[in-house]
Amino acid sequence: MVDKSILITQIASYIINTKCTVRDAGAEFGVGKSTVHKYMTEKLEDINPEMYQKVRQIIDFNLSVRHLRGGEATKEKYLKQHENPPENL
């Protein structure tokens with residue numbers, strides 16, 4: 001079992017390097033997005049305050065644009081449906 005503080009810093013490093021969302025980081029490390037969020041917003045500050053500041057900026061940015069990402073995902077969904085309409089039953 002990996003020490004929790006090592007896992008937290010690995011996840012933080014991954015987020016900093018890739019600028020990914022907590023959901024993407026959770027999928028990469030096999031933990032839930034809620035767990036990643038808790039680690040990054042609560043526990044990382046005690047382990048590495050400098051890294052915490054960098055991760056916090058990324059999380060805050062992702063939070064500020066999530067409505068745009070959601071709209072884009074919905075748009076793509078409906079474009080794909082239009083390209084490949086379902087067969088009539």
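Note that these values count all heavy atoms, side chains included, but never hydrogens, waters or copies made by symmetry.
- Rounded to the nearest 0.5 Å, atoms CG (L44) and CE (M51) are 7.0 Å apart.
- In this structure, C20 and Y14 approach most closely via the heavy-atom pair SG-CE2, 3.6 Å.
- Counting only heavy atoms from C-beta outward, the side chains of I15 and V36 approach each other to under 4.5 Å.
- Using modelled atom types, no side-chain atom of S13 and backbone atom of T9 make a donor-acceptor pair closer than 3.5 Å.
- Partners of R23 by side chain to side chain donor-acceptor pair (under 3.5 Å), not counting sequence neighbours: none found.
- Screening residues 49-63 for salt bridge (Lys or Arg N to Asp or Glu O under 4.0 Å) gives E50-K54, R56-D60 as the qualifying pairs, with residues at least two apart or on separate chains.
- Residues I8 and M40 meet the side-chain proximity criterion, which asks for heavy atoms closer than 4.5 Å.
- I6 contributes atom CD1, which lies 7.0 Å from atom CD of Q10 (distance to the nearest 0.5 angstrom).
- Within the structure, no pair that satisfies the ring pair (Phe, Tyr, Trp, His ring centres under 6.0 Å) test touches residues 32-64, not counting sequence neighbours.
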